[in-house]
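The analysis underlying the following values was restricted to heavy atoms, covering all of them including side chains, and did not include hydrogens, waters or symmetry mates.
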Amino acid sequence: MPLDPEARAYLDYVKSLGRPPYREQALATVRERQFAILTFAGEPEPVARIDERTIPGPGGPIPVRIYTPMRSGAGLLPALVYFHGGGWVLGTLDTHDNVCRKLANQTPCVVLAVDYRLAPEHKFPAAVEDADAAVMWVAEHAEEIGADPARLAAGGDSAGGNLAAVVALMARDRGRPPLAFQLLIYPVTDHYAAGMASYAENAEGYYLTRDNMMWFIDHYLRDARDRDDPRFAPLRHPDLRGLPPALVLSAEYDPLRDEGERYAERLRAAGVPTRMIRYDGMIHGFFRLPLAMSRANQAIADAAAGLREALAARLS
């Protein structure tokens, strides 16, 4: 379908800023400017409680933010370990704060957001190691944060969706923890040179460009050999059987559209209960910008419903 009018208006606004591609800017400048889009995230949604703390990680303490929902009720809640997007180079706990608040309240569940190490200061697989450590920590300390270790999910958007898919594979291969669900929001599942049609169709003009994805991945990976590592490209893993149920969200005008949808297809082919939703007319990043693109509200509701249904099934 045509580009959504709200997405077009947002792209016109971004274009009016006159900013060059990422590779033509200093990294510090790109990181400073990433907070400008929080104008479109909306006012922080109230939650019952927020705890800032650190947990042990392979490269040192990992900062995390724990959200307890407003409608917590009695007993232990499900838990979602959430990994922010940003190409493994950008993103913080603050850039995805309102997404975590909304998912916590609408599911409801305890959300633990992870401030994993970023590239290029910390190359692959540092982010993967931190993400895996966070999932293991929640599984082992769930009751400490009011969560049920039997109802544990991993999720994230873009590079965070990549990390969620990867830690689900690692948990399966290790035999623990038994994840109940994976929420993959326009995830990276392969390399930009893998021949995806969406990379050609949406290479320019739709917020996330092919050039910027090249910049992200080239900052993240150590060398070309990492491109085939399933801890970077889960689509290249030979066996996806036995993974937890998944919800995969994609956007029509997104270079990452095809690799996310192919991953959903491979999960289904491997016998993994998987739902795939494409948001026609939408662009990469829309999920966390509800004031710019109102369909983000539906996507967040869909994500929360997927979590709620899958995690409730663990009680039956």
Side-chain angles (χ1 to χ4, degrees), residues 10 13-14 17 19 22 25-55 57 59-70 79-107 109-122 126-127 130-131 133-134 137-138 145 154-164 183 185-188 207-208 212 216 219-220 284-293 296-297 299-300 303-304:
Y10 179 73
Y13 163 76
V14 172
L17 299 176
R19 292 175 180 168
Y22 287 161
Q25 304 178 57
L27 177 57
T29 300
V30 177
R31 285 178 170 164
E32 180 181 349
R33 288 174 169 172
Q34 70 181 316
F35 297 101
I37 67 169
L38 294 183
T39 303
F40 300 100
E43 289 297 316
E45 183 172 308
V47 293
R49 178 175 173 178
I50 291 179
D51 294 303
E52 308 269 1
R53 62 176 300 171
T54 60
I55 62 174
I62 304 170
V64 299
R65 183 175 292 167
I66 304 168
Y67 301 82
T68 301
M70 293 294 286
L80 169 66
V81 183
Y82 194 88
F83 308 110
H84 65 74
W88 311 276
V89 176
L90 308 176
T92 70
L93 296 177
D94 291 332
T95 58
H96 289 66
D97 177 68
N98 219 8
V99 163
C100 293
R101 291 169 180 263
K102 289 176 182 292
L103 290 173
N105 282 337
Q106 291 187 36
T107 301
C109 65
V110 175
V111 175
L112 183 137
V114 184
D115 197 11
Y116 55 87
R117 287 173 290 168
L118 298 179
E121 296 88 347
H122 305 282
D130 284 0
W137 185 90
V138 174
I145 61 172
D157 60 292
S158 195
N162 167 272
L163 294 174
L183 171 63
I185 303 161
Y186 34 71
V188 183
Y207 186 58
L208 177 64
N212 282 346
F216 283 132
H219 271 68
Y220 181 47
H284 190 86
F286 83 99
F287 188 82
R288 62 191 181 103
L289 302 174
L291 294 190
M293 289 164 278
N297 293 309
I300 291 170

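Rounding to the nearest 0.5 Å gives a distance of 5.0 Å between CG of Leu27 and NE2 of His219. To the nearest 0.5 Å, atoms CG (Asn105) and SG (Cys100) are separated by 11.5 Å.
For the pair Ile300/Arg288, no side-chain contact is recorded, criterion being any heavy-atom separation below 4.5 Å from C-beta on. Between Phe287 and Val99, some side-chain heavy-atom pair lies under the 4.5 Å cut-off. Using a 4.5 Å heavy-atom threshold, the side chains of Leu112 and Leu80 count as separate. In this structure, the side chains of Arg101 and Pro44 come closer than 4.5 Å at one or more pairs of heavy atoms.
Results of the salt bridge (Lys or Arg N to Asp or Glu O under 4.0 Å) test with Arg65 over Asp51, Asp115, Asp97 single out Asp97 as the only residue that passes. Partner of Tyr82 under the side-chain contact (heavy atoms from CB on, under 4.5 Å) criterion, out of Leu93, Val111, Val64: Val111 alone.
Nearest heavy-atom pair across Thr39 and Leu291 is O-CD1, 3.6 Å. Of all the heavy atoms in Ala133 and Gly57, the pair that sits closest is CB-CA, 4.5 Å. Contact record, Pro290 with Lys102: CG-CE, 4.4 Å, taken as the closest heavy-atom pair. For the pair Ala164 and Gly156, the tightest heavy-atom approach, listed with the atom from each and the gap, is CB-N, 4.1 Å. Here the closest non-hydrogen pair linking Pro120 and Arg31 is CD-NH2, 4.0 Å. Scanning both residues, Ala159 and Gly86, for their nearest heavy atoms gives CB-N, 4.4 Å.
No side-chain donor from either of Asn98 and Glu45 sits under 3.5 Å from a side-chain acceptor of the other.
Here the side chain of Asp130 pairs no donor or acceptor atom with the backbone of Gly60 at under 3.5 angstrom. A distance-only check finds a donor-acceptor pair linking the side chain of His96 to the backbone of Gly85 [under 3.5 Å]. Using modelled atom types, one side-chain atom of Asn212 and one backbone atom of Tyr22 make a donor-acceptor pair closer than 3.5 Å. With hydrogens and angles ignored, the 3.5 Å screen pairs a side-chain donor or acceptor of Thr92 with a backbone N or O of Asp94. Between the side chain of Thr107 and the main chain of Ala104, no donor-acceptor pair closer than 3.5 Å is present. With Gln34 contributing its side chain and Thr95 its backbone, the two residues share no donor-acceptor pair below 3.5 Å. Side-chain atoms of Gln106 do not come within 3.5 Å of backbone N or O of Leu103 as any donor-acceptor pair.
Outside the 6.0 Å centre-distance limit, the rings of Phe286 and Tyr10 are not counted as a close aromatic pair. Remark: aromatic rings of Tyr207 and His284 are distant, center separation not under 6.0 Å.
Remark: Arg53 CZ is packed, more than 12 non-hydrogen atoms of other residues, nucleotides or ligands lying under 6.0 Å away. When the shell of 6.0 Å around CD of Glu43 is examined, it contains 12 or fewer heavy atoms from other residues, nucleotides or ligands.
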- Task: Begin with the C-alpha distance, continue with both residues' side-chain angles, and end with the deciding distance and a verdict on side-chain contact (heavy atoms from CB on, under 4.5 Å) for Ile50 and Ile66.
- Result: CA-CA 6 Å; Ile50 291 179; Ile66 304 168; over 6 Å; no
query: When you look at His84 and Val114, which way does the side-chain contact (heavy atoms from CB on, under 4.5 Å) test go after all the steps?
result: CA-CA 7 Å; His84 65 74; Val114 184; over 6 Å; no
Could you walk me through whether Val81 and Trp137 pass the side-chain contact (heavy atoms from CB on, under 4.5 Å) check?
CA-CA 10 Å; Val81 183; Trp137 185 90; over 6 Å; no
Review point. Asn162 and Trp88: side-chain contact (heavy atoms from CB on, under 4.5 Å), yes or no, with the steps?
Key: CA-CA 10 Å; Asn162 167 272; Trp88 311 276; 3.5 Å; yes
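A salt bridge is absent between Glu32 and Arg19; no separation between the charged side-chain nitrogens and carboxylate oxygens falls under 4.0 Å.
Between Phe83 and Tyr116, the ring planes lie perpendicular to each other; the angle is over 60°, past the 30° to 60° tilted range.
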